[in-house]
Amino acid sequence: MDKAEFVVVANRLPVDRTTDANGEDAWRVSPGGLVTALEPVMRKADGAWVGWAGQPDVEQEPFEVDGTLLIPVTLSAEDVEQYYEGFSNDTIWPLYHDVIAEPRYRRLWWDAYVRVNRRFAEAAAEAAEDGGTVWVQDYQLQLVPRMLRDLRPDLVIGYFHHIPFPAYGLYSQLPWRRQVLEGLLGADVVGFQRVADAGNFARAVRRQLRYETKASGITVPEADGTTRISLAKAFPISIDSSSYIELARRPDVQERARQIRESLGNPKRIFLGVDRLDYTKGIRHRLKAYGELLTEGRLSVDDVTLVQVASPSRERVAAYIQLRDEIELTVGRTNGDFDTMGHTAIRYLHQAYPREEMVALFLAADVMLVTALRDGMNLVAKEYVASRVDNRGVLILSEFAGAADELGTALRVNPHDIEGLKETMMRAVEMTAGEQGRRMRAARRRVLEHSVEDWSREFLEALDRFHPRRRVSDARKHVKIDDQALRHALGRVAASDRLLVALDFDGTLAPLEDEPMKARALPVAAAAVAALAALQDTPVAFVSGRSLHDLREIAEHADDAQIFLAGSHGAEFWVPGEGALETDDDEIAPALRDELRDEMTAQVGDLEGVWVEPKTFGFGIHTRVASAEDAQTARDAADRLVQERAPHWRRRTGHNIVEYSFRHEGKDSALAALRKRLGATAVLFAGDDVTDEDALASLGPDDLGIRVGEGETAASVRVGSIQELAAALSMLARMRADRRE
Ligand code: GDG
C-alpha cells in the first residue's frame, strides 16, 4: 500500500454503502461538511482517510474513491455497542453537553474505547508516510493523538473537537479524565469550536495534569524527559456556503419552496426546525413554547405551521429511544388538539432528505428555530443564513450554540426560559421585512466571509506553523548549533589551562517542575557534572537564583561536595572545604523582607497555582501552573507592593517567576567573583533563562556561553534541550580528560 502524506482519521469513512443498478455493492460519497472541508486538501495532497464503514463485522481492503484512499477499520458488533453507542454516545456525548442527559460510566465501555482507539491509531500509523500529517476528528477518537505519537513520533498530528468541551466541574466526573487529556495532548494542535471550549480544556489540563499553560500553548512533558508544546485554540467550523447559495438560486429549488408552502396551506408564517433527533438540540423546548402559544391563542394554526425535520440518529441508544417517544407523544397531542382539516400545527418528519430539499425548506421558512441546549457549533444555523439569498427570514438562535459567538444579529434565546422563547417567537413572527433584511445581511456577511475551506486551511496552517520541527529550524536560524560548531567551541575551551564550568541549575541541568522543590538534575546531566568536577583544573560551580539553602537541597549537594555554589544570584556562596561564606546583611533588610513576604502571601496566596517563594534576600512569585489571568493579578499585586514599600529592591523575571530582592548582585557578578577566586583562564557558562543572560553577556572572547532552549541570547552557541547540554558536558569532560593524558 502506498503511504499518504496527509491522513484524516474519523469515526466514519466519508462514504455510504449502496447497491448499484446491477445489484452490486457500491460506495457513495456522503455529502457531509467534513468531506467538503477536506476536499481541497485531499485533492492537493496525496491523501488517505481512515474510518469505519458503518456496518459491523465487515472486513474490507482499502479502496479508492475520487482519488482518496479509504482505509476501513473493522468494528465488531460488540465494538459498536461498547465503543460507539456506549462510551462515545452514552458517556462522552452527554458529559460534554453539560450533562443534559445522565452520562453512564462503564468500565467495559472504556476498555472498548481504548481498544478501538488503538486500532484507529495503528491504521493511521500504517497509512502515513514519513514525516506526514495526520488530522484526527472528534470525540470518538480522543486517545488516538497520543497513541499515534507513541507509534510514529515523526508525524505532525492535529485533532479537532467538533462538540463542546465542558467546564472543569463537569469534566472532572469522568473516571478516565487524565487519560483523555493525555490522549488529546498527543496532538501538536488541538482545535475547538469556541474560545470557551479551549479555555475549559486548558483549565482541565492545569488542574488534572498540572501542566503549564501560557496563552494557547501547553507544555507537555514527554517520557524521555523532554518537553513539547501543544497548541489548544478555537477554530470555529463553517459551511460550504457557495454550494448552499447555488442551490438557493436554482429555479427548481425555489419552485420546490413554493410547493412546500402551498402543501402546508400557505400559512402566513412557517417555523422550521432541522436537527438530528438528539436531546441536545432542544426540540422538546421549542415544541413546548410553540404548544403554549397555540393554547394561549397568541398563534393560530390558520396562520402558522411548525415543520420539524428530525433526522434519525443513534437509534439504539436508550436515551434516544426515550427522546423519540417523548417528542412523538408531544407532536401527536399538539396536532390532536389544534389541527383542522385544512391546517396542521406541526408537520413532523422523522426522515433524512437530500440537500436540495433542505435548501427548499430553508427558503420556505420564515423563522428558523435553533434552540440547542448545548451545541459545538450548529451548522444548520449557518446553512439557513447562507441559503437566504433573498435576505429574508429570521433566525432564532440559542446562546448555547457555538454559532451564537459569530451570528450576533440573530435573535438570541435561552431555550430553558420558555417564556423568553415564546416572546422571541412572537417577535420573529411580527418582524418587519426591513429589520429582517438588516439582520440577515449582517449574518450572511459573517457566514460568507468564513467558509469551511477557510476553516480547514487555517487549522492546517496553524499545525504547520506550530509543529516543533519547524520551531527548531526557526531557532537554528538565530544561533548556530550544528554539532561541528559546538564541538569546535568545546575543543577551544577544553584546551584552556584552568577552566571554570559554571552552570545554572533549573532548566539547565534539571527540568522545570511545578513544585520547585521537586526539581532534580537529570541523571545524565548529574553524571557529566560529576565527571567534570573530578578532573584537575576544572572547577565546577552552580550559579542559581535559588537561596543557597534550597540550592543545596535540590542539587543534593553534600558537605564534602567539590562543587562551588552561588545562590541568590551571587549574593550567597558556598566553597568546598569552607562551607557557606558569611553574608553582610544589615538588620533592616531582612525585617522588611519578612513583612513584604507575609503581606504578599496574604494578598495572592489563595490564587490557584500561585506560590510565594521565600528567598534569602526577598521573595519570588511563581505562576507556572496558574491561569494567565491569576498570574497577571499576582504579578501586578507584587509590583505595586514593592514599588510602594521597597522601590530600591531589584526585580527580575524568569520562566514564570518574578523575583524581588534587596541585594543587587547578578549572575554576572557571581561569575566575576568565582573567576577571580579560582584564577580561571576561561569560563564555560550555560543557562536557559533571562537571569542567565547577565552572565552570558559578561563573557569574554576566551570563554564560551551556551544557551539551553529558545529565546533571545548573548550566548554564542545554543542547544535545544537539557539532554543536549548534558551530552555537550560529557563531551567536554572527555576532551579535558584526553588533554591531561
Ligand atoms: C456536530 C456538532 C457541529 C441534518 N438532517 C439532515 C441533514 N442534516 C445536516 C445539517 C447539518 C448537519 O446535518 C448537522 O450538523 P449540526 O452542526 O447541526 O449538528 P451535529 O450533527 O450535532 O454535528 C455540531 C458539527 O458537528 C460540525 O462541527 O456544528 O455542534 O454537534 O449540516 O444540514 N442533511 C441532509 N438531510 C437531512 O435530513 N441532507
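Read the numbers this way: they start at 1 and go in the same order the structure lists the ligands and their atoms.
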Part of W455 within contact of ligand 1 (heavy atoms, under 4.0 Å): neither
Residue part near ligand 1, for M358, under 4.0 Å between non-hydrogen atoms: side chain
Centroid-centroid distance, F459 to W135, less than 6.0 Å: yes
Contacts of F201 that satisfy ring pair (Phe, Tyr, Trp, His ring centres under 6.0 Å) - sequence neighbours left out: F165, F192
Pairwise salt bridge (Lys or Arg N to Asp or Glu O under 4.0 Å) hits with a residue in residues 392-402, at least two apart: none
Test item: Y290 and K422 side chains (from C-beta on) under 4.5 Å apart, heavy atoms: no
F362 to ligand 1, any heavy atom closer than 4.0 Å: no
Note, Y353 side chain near V274 side chain (heavy atom, < 4.5 Å): no
R276: numbered ligand 1 atoms lying under 4.0 Å from its heavy atoms: 20 (P), 21 (O), 22 (O)
For V380, the ligand 1 atoms whose distance to one of its heavy atoms is below 4.0 Å: 10 (C), 18 (O)
Element-labelled atoms of ligand 1 that are located less than 4.0 Å from some non-hydrogen atom of E383: 10 (C), 11 (C), 32 (O), 33 (O)
Worked verdict on D275 versus Q308 for side chain to side chain donor-acceptor pair (under 3.5 Å): CA-CA 8 Å; D275 313 82; Q308 177 64 55; 2.9 Å; yes
Note, D375 side chain near F400 side chain (heavy atom, < 4.5 Å): no
Where ligand 1 meets G376 - atom numbers and elements under 4.0 angstrom, heavy-atom basis: 30 (O)
Heavy-atom proximity to atom 29 (O) of ligand 1, best of L361, N378, D278, V309: N378
Closest to atom 18 (O) of ligand 1 (judged by heavy-atom distance), picking from L349, V452, L379: L379
Candidate pair D417 and N414, rule side chain to side chain donor-acceptor pair (under 3.5 Å), full reasoning: CA-CA 6 Å; D417 170 12; N414 167 5; 5.3 Å; no
Residue selection (non-hydrogen contact nearest atom 24 (C) of ligand 1) among L277, D375, V274, V359: D375
Nearest-option assignment for atom 4 (C) of ligand 1, heavy atoms, candidates P164, G402, A310, S311: S311
K281: numbered ligand 1 atoms lying under 4.0 Å from its heavy atoms: 18 (O), 19 (O), 20 (P), 22 (O)
